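What follows is one structure encoded as structure tokens, with my remarks underneath.
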2 protein chains.
Amino acid sequence: MQEEPIIKSSISKQIADQLRNSIINGRFKTGERLPTEDELANRYGVSRATIREALKRLAAQNLVRSRRGPTGGNFVNQPTHEELAESLSGAATLLVSLGSMDIEEIVDARRVLQGSCLKLAAQHAKPEQVQKVQAALVRQKQVGISDEAFCHADVAFHRALVDAADNSMIRFVMYTTIEALVPITNMVLSYVKDRHEIIAIHERLLSALEQKREDELEIALNQLLDYLMESFRLAQIQRSKYQKPPSGSN
Amino acid sequence: MQEEPIIKSSISKQIADQLRNSIINGRFKTGERLPTEDELANRYGVSRATIREALKRLAAQNLVRSRRGPTGGNFVNQPTHEELAESLSGAATLLVSLGSMDIEEIVDARRVLQGSCLKLAAQHAKPEQVQKVQAALVRQKQVGISDEAFCHADVAFHRALVDAADNSMIRFVMYTTIEALVPITNMVLSYVKDRHEIIAIHERLLSALEQKREDELEIALNQLLDYLMESFRLAQIQRSKYQKPPSGSN
DNA sequence: CCGATATTATTTGTCTGACAAATACATGTC
DNA sequence: GACATGTATTTGTCAGACAAATAATATCGG
């Protein structure tokens, strides 16, 4: 067994993987500073540019962050839930925009997953978590706010709902599912001017949560998603009227 | 409004973000080749090293892949589901290893999410998907296979179950949840030598799927997760016997 | 002695130019 | 026509340099 005969991937990638493993296995602890780029270069016997490319790969995954100066360096980053959710939703929006997932699938997924999630929320929700849901809804009900602000509040509302389930793992995956639908919600909103319907359903969700009525929660959720799908179809029709269908879309 | 007065992040990061947006907005289509590094460097008015660091950030997210030679270059990569699942599970294992999520939460999440997922599977599963589940179970039942191989087959089994739900979004998030538990499963297996219990429950799951019995699926799932948690606790106790608690672990 | 300011050292960020390696394409030889 | 050879193109890596940020230290005035 030779050392490493048939390496096909680039050195910088290999180094990135090694460093990554060192982090996961705890050889580098979170918050700790890793050796300077010069020293890493010496240690691995490569140039600093290569080391930097490896570090940038890790930085793209929020695994390290760098700071300049004497006390600076590259530090192992404990990704916050926010950062994690962000990179996840980045992946999700990418999938959607590349057409790897269609809207029906996402809506179906949300029907099922968020359904379970809401049941959990009804069981576990603490008062302050319910209050957060309410706060988001209040923001959403402000008259005269922009589409963007409305959509932002919409996301906050659903995130608060998910948070009420009080489970990190569920939060992790549900944030992704929610984010994946944001572009569609945005599109729908620009055609469907009236937001009353959405707000009404949200209010229904909130009161059902307060009363811990699981059945009611499920009904309201389905109502919301049905409305979203219906609006989406209308928006698509409207769109194809004004903007000729791309016949030879190549 | 000046051009860009108060930028704090590095140029390479900014360029990476710009390229990323160009890809998402479809200015660069999937499979397409982007300009050579030299040309990008000219276009952005930076050095090639900077461009390369930006590209490595994107490569770390599986957004681009590079090839050498005349027809080579950096190409926009349509991430396969495998790659996506891989990077997701990478994030998940990271979260677990960094202790951002505890096992109870993951198991609870799986109870709920996979529960819904199995119901969907019972409704939608196509024959060939059921067959894949069966195939994975057969592999797992081979006598004398290593812990590693057993665990691999275990993942394949659960993935096949998820695939049976026939929904890309669900697959996306469930793969993550499954992967997050792999390290624990591994650890449990190294202490709990007997695999019969797991296989028995898996067989129960399979037959319940074949008969489309949703209630039975849920019961079996809970049984499996209960067993896992119980074994995990035992493993922890066993562990603390042989390996002194790290009192001053410095 | 103290405090504000200047200097210095360290480390990442970026630039420049070069060469190595892979690889498609053209060219030449038999 | 088949096969070897060269050649151009593009990424991968290297080496050394300077710029920018920043914390520690030294300096000077009170």
Side-chain angles (χ1 to χ4, degrees), chain A residues 2-20 22-23 28 30-77, chain B residues 2-20 22-23 28 30-77:
Chain A
Q2 285 113 319
E3 276 234 0
E4 2 177 17
I6 25 164
I7 344 159
K8 287 310 286 178
S9 65
S10 68
I11 299 180
S12 74
K13 182 165 172 54
Q14 292 175 56
I15 293 181
D17 289 342
Q18 280 196 40
L19 289 176
R20 188 171 201 283
S22 297
I23 293 174
F28 293 123
T30 65
E32 200 178 3
R33 200 194 102 161
L34 23 116
T36 66
E37 297 177 352
D38 274 321
E39 196 185 325
L40 283 174
N42 282 331
R43 197 178 291 185
Y44 283 99
V46 299
S47 77
R48 190 156 83 95
T50 304
I51 292 290
R52 282 184 62 78
E53 289 186 5
L55 287 173
K56 291 319 153 202
R57 290 180 129 104
L58 299 182
Q61 301 166 36
N62 274 315
L63 265 169
V64 300
R65 46 176 27 177
S66 57
R67 227 174 40 217
R68 287 203 266 214
T71 63
N74 291 283
F75 296 84
V76 179
N77 187 31
Chain B
Q2 285 113 317
E3 276 231 0
E4 4 179 16
I6 26 164
I7 345 160
K8 286 311 285 179
S9 67
S10 69
I11 300 180
S12 75
K13 182 164 171 53
Q14 292 175 54
I15 292 181
D17 289 342
Q18 279 195 39
L19 288 176
R20 187 170 202 282
S22 297
I23 292 174
F28 292 123
T30 66
E32 199 177 6
R33 200 194 101 163
L34 21 116
T36 67
E37 297 177 351
D38 275 321
E39 196 185 323
L40 283 174
N42 282 331
R43 198 180 289 187
Y44 282 101
V46 299
S47 76
R48 190 157 84 95
T50 304
I51 291 292
R52 281 183 63 78
E53 289 187 5
L55 287 173
K56 291 319 154 205
R57 292 181 126 104
L58 300 182
Q61 300 165 28
N62 274 314
L63 264 169
V64 299
R65 45 175 30 175
S66 57
R67 227 172 42 217
R68 286 204 267 217
T71 62
N74 290 283
F75 296 84
V76 178
N77 187 30

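Please read these numbers as outputs of a predicted model, since none were measured by experiment. These numbers come from the heavy atoms of this one structure, side chains and all, not from hydrogens, waters or symmetry mates.
For the helix from C:dC1-D:dG30 to C:dC30-D:dG1, the axis fitted to the five pairs at one end and the axis fitted to the five pairs at the other end meet at an angle of 20° (nearest 10 degrees).
In terms of modelled atom types and a separation under 3.5 Å, the side chain of A:S22 and the main chain of A:Q18 share a donor-acceptor contact.
Contact between the side-chain N/O atoms of B:S66 and the OP1/OP2 oxygens of D:dT10 is not found at any separation under 4.0 Å.
Contact between B:T50 and B:I15 at its shortest, heavy atoms only, is CG2-CD1, 4.5 Å.
Near DNA chain D, meaning a heavy atom under 4.0 Å from it, residues 52-65 of chain A has no residue at all. A heavy-atom distance below 4.0 Å to DNA chain D is reached by these residues of residues 33-43 of chain B, ordered by number: B:R33, B:T36, B:E37. Scanning residues 67-74 of chain A for heavy-atom distances under 4.0 Å to DNA chain C yields A:R67, A:R68, A:G69, A:P70, A:G73, A:N74.
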Worked check of side-chain contact (heavy atoms from CB on, under 4.5 Å) between B:L63 and B:F28: CA-CA 11 Å; B:L63 264 169; B:F28 292 123; over 6 Å; no

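Regarding A:R48, its CZ atom lies at a distance of 21 Å from the P atom of C:dA18, rounded to whole Å.
Which of D:dC14, D:dT13, C:dC15 sits closest to the side chain of A:I11 comes down to D:dT13.
Atom OH of A:Y44 and atom CD of A:E39 lie 11.0 Å apart (nearest 0.5 Å). To the nearest 0.5 Å, atom CG of residue A:N74 and atom CD of residue A:E32 are 12.5 Å apart.
In this structure, A:L34 and A:L40 have side chains that are in contact, with non-hydrogen atoms separated by less than 4.5 Å.
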Would you tabulate the side-chain donor-acceptor contacts of residues 52-60 of chain B under 3.5 Å, counting partners in other chains and residues two or more places apart, or write 'none'?
unit_1, atom_1, unit_2, atom_2, d
B:R52, NE, A:E53, OE2, 2.8
B:R52, NH1, B:E37, OE1, 3.2
B:R52, NH1, B:E37, OE2, 3.0
B:R52, NH2, A:E53, OE1, 3.3
B:R52, NH2, A:E53, OE2, 3.4
B:E53, OE1, A:R52, NH2, 3.3
B:E53, OE2, A:R52, NE, 2.7
B:E53, OE2, A:R52, NH2, 3.4
B:R57, NH1, B:S12, OG, 2.8

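For A:R67, the side-chain hydrogen bond (donor to acceptor under 3.5 Å, both in side chains) criterion is met by no residue, not counting sequence neighbours.
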